[in-house]
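The structure under discussion appears below in the form of structure tokens.
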Amino acid sequence: MATLSNATKNALALGSFDTKAELYCFEIARPEVGPNDVAIDIQYCGMCHSDCHACNGDWGLDSWPIAPGHEIAGVVTAIGRSVSKFKVGEKVGVGCMVESCRNCDMCQDGLEQHCPNMIQTYGSAFPKGKGDNMKDAEGNHTNGGYSTAITVNEHFVFHIPEGMDMKYAGILLCAGITTYSPLSRHILQKGGGKGKKVAIVGFGGLGQMAIKLAKAMGVDSVTILSRSDKKKDQASKLGCEYIAYSNEDSVKGAIRSFDVVLDTVSAPHDIASLMPVLKVGGAYVLLGAVGKPFEISAMSLIFNRYAIEGSLIGGVPETQEMLDFCAKHQIVPEYRVIDAKEANQQFKAMMNGESLADRCVIDIATLKNLEVIDSKLENGPAQ
Ligand code: NAP
Ligand code: ZN
């Protein structure tokens, strides 16, 4: 059973020590609760493909060890003296951001995700003046929700609506808001779902969420584009159409069908061959955080007035709006709760492109059953 060995280290975490992205249990230090901070005991954390990108070097992070995780659900254990929104014992969530400047135009507009000084829940350098005393213990960056506790400014903490299960609430704070935000822009804010058809490329953690949100927005149909037939039964259980897009003929049958496509694929792929499924004037929204540039012909865009856009999670006000939308429409993601010792298996499945059409959620209480590795080992943990 894992116990904490050092007073400055006050939490257990599951993280990677190098780009092999193998997860080990180690100890980290969480900062003292500042006047505006909320300290949270984490109960569950969803596993997002971004966690793999961060750990396996896809995004160029090279400060180790790093504990990922930004789909956090837990209970408040302490609050700073100026905290007004939260009480001890309350159920709360934390998503992909833990800090921003709060002064720039983006922050003023509730688009904190685009603030130049936005601090991500993991993998961002500590904000100036914060965490300086923690560098030895934690590395020079934030650590995420694959851990037993976290301390976060109340601005970036969310109320979990009454009746929403903690097991899946965290999923909404990344997979939920990332798919809600572009759907809201293209569906809700453009007169609602009536008469509109949505397609989702990639049926993983984001894909399953997008189906549920689009359906709740009242669209005429939702179609999943997946590489093979493997996930067809699950798509029909969720009441959506299905195209195995590696079969070129099935894509041809869907030319000029959709108003908006959300592309959630986590690896480089040929978007030029998928784009013709859009109606003239349709939008192709890239959500997958793929580092390699895509190849696309200007002619395809010009002759069809296609728009290609990206979308990054969502700001604080929109995230709360999304949580309330999910509570109102009783949206429950497809998910599985797993033991911390199964996290490596899910990491590998995601990195190999073999994730199932659901989200794995780590039961954080099971972290204490893992062997603790010394985070100061120079060459990473013993194998
Ligand atoms: P996931 O559960 O692993 O799902 C990704 C899906 O992509 C897979 O289920 C698979 O779908 C498809 N795929 C995987 N490898 C592929 C390959 N080599 N070629 C073609 N298709 C492949 O991942 P996720 O958690 O949903 O995240 C998806 C992406 O969104 C990641 O890149 C993640 O970092 C990013 N993300 C972005 C934001 C944002 O703000 N923009 C937020 C969160 C996550 P099929 O089996 O159905 O083909
Ligand atoms: Zn994520």
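Note that ligands are numbered from 1 as they come in the structure, with each ligand's atoms numbered from 1 the same way.
A donor atom on one side chain and an acceptor atom on the other are not found under 3.5 Å apart for Tyr306 and Ser300. Tyr122 and Asp51 are linked by a side-chain donor-acceptor pair at a separation below 3.5 angstrom, with hydrogens and angles left out of the test. No donor-acceptor contact under 3.5 angstrom links the side chains of Gln120 and His70, judged on distance only.
The 12-atom threshold is exceeded at CZ of Arg102, counting heavy atoms of other residues, nucleotides or ligands nearer than 6.0 Å. The local environment of NZ in Lys212 is crowded, with over 12 non-hydrogen atoms from other residues, nucleotides or ligands closer than 6.0 Å. Heavy-atom neighbours of Asp105 CG from other residues, nucleotides or ligands within 6.0 Å: at or below the threshold of 12. Residue Lys232 places its NZ atom among 12 or fewer non-hydrogen atoms of other residues, nucleotides or ligands, all under 6.0 Å distant.
Within ligand 1, the atoms closer than 4.0 Å to a non-hydrogen atom of Gly204 are 2 (O), 4 (O), 9 (O), numbered from 1 in the order shown. Taking every non-hydrogen atom of Tyr245 and a distance limit under 4.0 Å, the qualifying atoms of ligand 1 come out as 20 (C), 21 (N). The Gly202 neighbourhood of ligand 1 comprises atoms 11 (O), 47 (O), with distances under 4.0 Å to a heavy atom of that residue. In the vicinity of Thr264, heavy-atom distances shorter than 4.0 Å reach the ligand 1 atoms 5 (C), 28 (C), 29 (C). The atoms of ligand 1 that sit less than 4.0 Å from any heavy atom of Leu312 are 40 (O). Each of the following atoms of ligand 1 lies closer than 4.0 Å to a heavy atom of Ser355: 1 (P), 2 (O), 3 (O), 4 (O), 8 (C), 9 (O). Atoms of ligand 1 lying under 4.0 Å from any heavy atom of Lys231, numbered from 1 in the order shown and given with element: 9 (O), 11 (O), 45 (P), 46 (O), 47 (O).
When only non-hydrogen protein atoms are considered, atom 19 (N) of ligand 1 lies nearest to Arg227 CD, 3.8 Å. The closest protein non-hydrogen atom to atom 27 (O) of ligand 1 is His49 CB, 3.4 Å. Of all protein heavy atoms, the one lying nearest to atom 15 (N) of ligand 1 is Gly353 CA, 3.5 Å. If you check which protein heavy atom lies closest to atom 43 (C) of ligand 1, you get Cys174 SG, 3.3 Å. Among all protein heavy atoms, the one lying closest to atom 32 (O) of ligand 1 is His53 NE2, 2.7 Å. Of the protein's heavy atoms, Leu206 N, 2.8 Å lies nearest to atom 26 (O) of ligand 1. Nearest protein neighbour of atom 18 (N) of ligand 1, counting heavy atoms only, is Ala267 CB, 3.4 Å. Of the protein's heavy atoms, Ser266 OG, 3.4 Å lies nearest to atom 14 (C) of ligand 1.
Taking 2.8 Å as the threshold, Cys48 counts as a candidate ligand of the Zn ion (ligand 2), since one of its N, O or S atoms lies below it. In summary, no N, O or S atom of Cys96 is located under 2.8 Å from the Zn ion (ligand 2).
At distances below 3.5 Å, at least one donor-acceptor pair connects side-chain atoms of Gln234 with backbone N or O atoms of Ala357. A donor-acceptor pair is defined here as one N or O able to donate and one able to accept, closer than 3.5 Å; such a pair exists between the side chain of His141 and the backbone of Pro65.
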Do Lys197 and Glu241 pass the salt bridge (Lys or Arg N to Asp or Glu O under 4.0 Å) test, and can you show the C-alpha distance, the side-chain angles, and the key distance before you say yes or no? CA-CA 11 Å; Lys197 294 184 173 187; Glu241 316 283 319; over 6 Å; no

Please step through side chain to side chain contact (heavy atoms under 4.5 Å, CB included) for the pair Phe158 and Lys85, ending with a clear verdict. CA-CA 9 Å; Phe158 297 95; Lys85 272 166 60 187; over 6 Å; no

Carefully, step by step, assess Glu354 and Lys348 under the rule salt bridge (Lys or Arg N to Asp or Glu O under 4.0 Å). CA-CA 8 Å; Glu354 290 162 0; Lys348 283 200 184 79; over 6 Å; no

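Remark: ligand 1 and His269 share no N or O pair separated by less than 3.5 Å (distance only, no angle test). The N/O atoms of Ala289, backbone and side chain alike, include one that comes under 3.5 Å of an N/O atom in ligand 1. Between Phe203 and ligand 1, at least one N/O pair is under 3.5 Å apart. Considering both main-chain and side-chain atoms, Cys48 never comes within under 3.5 Å of ligand 1 through any nitrogen or oxygen pair. Residue-to-ligand polar distances place Ser50 within reach of ligand 1: an N/O pair is separated by less than 3.5 Å. Looking at ligand 1, you'll find an N or O of Leu287 within less than 3.5 Å of one of its N or O atoms. At least one N or O atom of Ile313 sits closer than 3.5 Å to an N or O atom of ligand 1.
Placement of Val98 and Ile364 within a single hydrophobic cluster is found when ILVMFWY residues are connected by side-chain heavy-atom separations under 4.5 Å, directly or transitively. Leu14 and Met47 fall within a single hydrophobic cluster, where Ile, Leu, Val, Met, Phe, Trp and Tyr are joined by side-chain heavy atoms under 4.5 Å apart, directly or via other members.
For Arg359, the heavy-atom gap to ligand 1 drops under 4.0 angstrom.
Of all the heavy atoms of Ser226, the ones lying under 4.0 Å from any atom of ligand 1 are found in both the backbone and the side chain.
In this pair, Tyr168 and Tyr335 present their aromatic rings tilted. The plane angle is within the 30 to 60° band.
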